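Reading through the structure tokens given below for one structure.
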Amino acid sequence: MSFLSDSRRVTRALSDFYHRSLSAEGRVVTQAPIEDIIERLDLAGLASRGGLSGAKLSEFLDAYLSYTTRLHHPEYLAHQVAAPHPSGGLAALVDGVTNNAMAIYEMGPAAAAIEFFVINWLLGKIGWIPTPHPRETGCVPEHGGGVLTHGGSLANLTALLAARSRIAPDVWDQGNPGDLAVLAPAESHYSIARAIGIMGLGRRALYPLPVDDAGRVLADRIPQALAKVREDGRRAMALVANACSTGVGLYDPLREIGQACREAGVWMHVDGAHGASALLSDRHRALLDGADMADSLVWDAHKLMRAPTLCAAVLVRDAATLDRAFEQEASYLFHDKAQPGVDFIHRTVECTKAGLGLRFFAVLGALGEQGLGHYIERQYGLAAEAFRLIRAQEDFDCPVEPQSNILCFRVRGTDAAQIAIRDALIAQGRFHLSTVFFGGRRYLRATFMSPATTLADVSRLIEAVRTEASRVEAGGAGTAAEAKAGRPATPGGHP
Ligand SMILES: *Cc1c(COP(=O)(O)O)cnc(C)c1O
């Protein structure tokens, strides 16, 4: 095996895949039965004989890429993961080959330096004080901090652990006090409820916050919600706000929520996994007005900042709160040492941790922050234009006006019809949509991630959806789609 010639084969295949995806050549998605893919890729043969190199590698990659969903394709509208900038992809390759698991400084000084820089850069965008360099002593009393994790779900868990350590400082010795509560709107990502489960707080610790018809938090009703928590004999450990929500992409009013949390002394957590990136745009930054009042904020770079999976940041206004989140010791890793850098291991669930910062930094370094800001404005602007176009169609309906790059809509017909339409489009390999259940109805959901999608694609989408709606109405399209797709595609369940 020659690394150089094999990597040339890989980059050539990927470059072709990337450019063809951008120019909409071929299907956006190809759903084949899993056993067919296993056979076509000759996985069992290669596993026993080896030899995945040279011409065999090229053959394998061609087959692999033919069953690979094309996130850069203009018809890719399904989920919120980035259509990664190729520089980020190369960074993932660098990290994969060098494999500097950098949670402790000595295992990857360059990767740790990048993470340190990226965290501070993100803190600055929120308006929080960056972490001083280890050699700057005694100048900043309180400052922000953070860590990169493998995803927003883990980041939400980490932030809630920090919140728990503040209200229950001896939790690592004593376990959960049993009277804790977390308040969150029902539109919150499922990882919030899951984190509460993982922490052993129990489902009853989760209190839904009052919301308006669009699912946005009603900040003036927070005092009542907190009173209910107290009546139940509980203490509010944290209050979660969305910036923006996953389902329909709306922002909660952060400044008013922040004021209510300050008055009550409650930890405010902002889940900005998807939408915190609006901070990079002059036009949309106001959506996050008040984010600086939070105690913690989660921000995924692998969603709207074009980094490949995964690179998520958990950021706190007061770094000490994150350091206290994991008050546990492993003597071989955690000890005082004289070193010129910093360790991240005491702030994270992970022990071995990839050099995630590079995946994002390579994109930032290529585009610059203005370039990233323009991308966000383009995608948010496209969703707004698509909304106006779809709303003008007599047979279409949108539940809310979009505030981000997420747009929900439905065409005339039942809930089941919306799902059948999505499945039919996937079976045809065009217009990969997701769906969402919102306000008691099923909607089709488009997330504009690809920089190649235009309003002309949206016009074609409207026509395609309309055609499928007529077929479904006439009967049979749903089942035909299922037969072609191998099995019915599962609705919902988006990251
Ligand atoms: C995507 C998302 C998450 C989960 O992040 P992952 O990186 O997919 O684990 C959490 N919250 C919100 C609001 C999200 O949009």
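As the structure is a computational prediction, the values presented were derived from the model and not from experiment. Both ligands and their constituent atoms are indexed starting at 1 by order of listing.
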Legend entry - Whether D343 side chain and Y105 backbone form a donor-acceptor pair below 3.5 Å: yes
Legend entry - Contact list for residues 311-321, test side-chain hydrogen bond (donor to acceptor under 3.5 Å, both in side chains), sequence neighbours left out: D295-R317
Legend entry - Min heavy-atom dist N156 to ligand 1 below 4.0 Å: yes
Inset, instruction - Measure from the ring center of Y76 to the ring center of H432 and say whether it is less than 6.0 Å. - result: yes
Inset, instruction - Please confirm whether H302 comes within less than 3.5 Å of ligand 1 when only nitrogen or oxygen atoms on both sides are compared. - result: yes
Legend entry - Over 12 foreign heavy atoms within 6.0 Å of CZ, R255: yes
Inset, instruction - Give a yes or no on whether a salt bridge exists between E377 and R283, defined as a side-chain N under 4.0 angstrom from a carboxylate O. - result: yes
Legend entry - Backbone N/O of L455 and side chain of E385: donor-acceptor pair under 3.5 Å: no
Inset, instruction - Find all atoms of ligand 1 within a distance of less than 4.0 Å from any non-hydrogen atom belonging to H274, and give their numbers and elements. - result: 15 (O)
Inset, instruction - Ignoring hydrogens and angles, state whether a donor on the side chain of S21 or R70 is under 3.5 Å from an acceptor on the partner side chain. - result: yes
Inset, instruction - Number the atoms of ligand 1 from 1 as they appear, then name those within less than 4.0 Å of a heavy atom of G152, with their elements. - result: 5 (O), 6 (P), 7 (O), 9 (O)
Legend entry - Distance-only N or O hit between ligand 1 and S191, under 3.5 Å: no
Inset, instruction - Could you list the atoms of ligand 1 found under 4.0 angstrom from a heavy atom of A273? - result: 2 (C), 3 (C), 10 (C), 11 (N), 12 (C), 14 (C)
Legend entry - Residues in ring pair (Phe, Tyr, Trp, His ring centres under 6.0 Å) contact with F409, at least two apart in sequence or another chain: none
Legend entry - Whether S188 lies under 4.0 Å from ligand 1, heavy atom: no
Legend entry - Atoms of ligand 1, numbered as shown, that sit under 4.0 Å from any heavy atom of C244: 13 (C)
Inset, instruction - Have a look at K303, R194, H150, Q80 and point out the one with the heavy atom closest to atom 1 (C) of ligand 1. - result: K303
Inset, instruction - Find all atoms of ligand 1 within a distance of less than 4.0 Å from any non-hydrogen atom belonging to G151, and give their numbers and elements. - result: 7 (O), 9 (O)
Legend entry - N or O pair under 3.5 Å between D300 and ligand 1: yes
Inset, instruction - Please identify which atoms of ligand 1 are closer than 4.0 Å to at least one heavy atom of D271. - result: 10 (C), 11 (N), 12 (C), 13 (C)
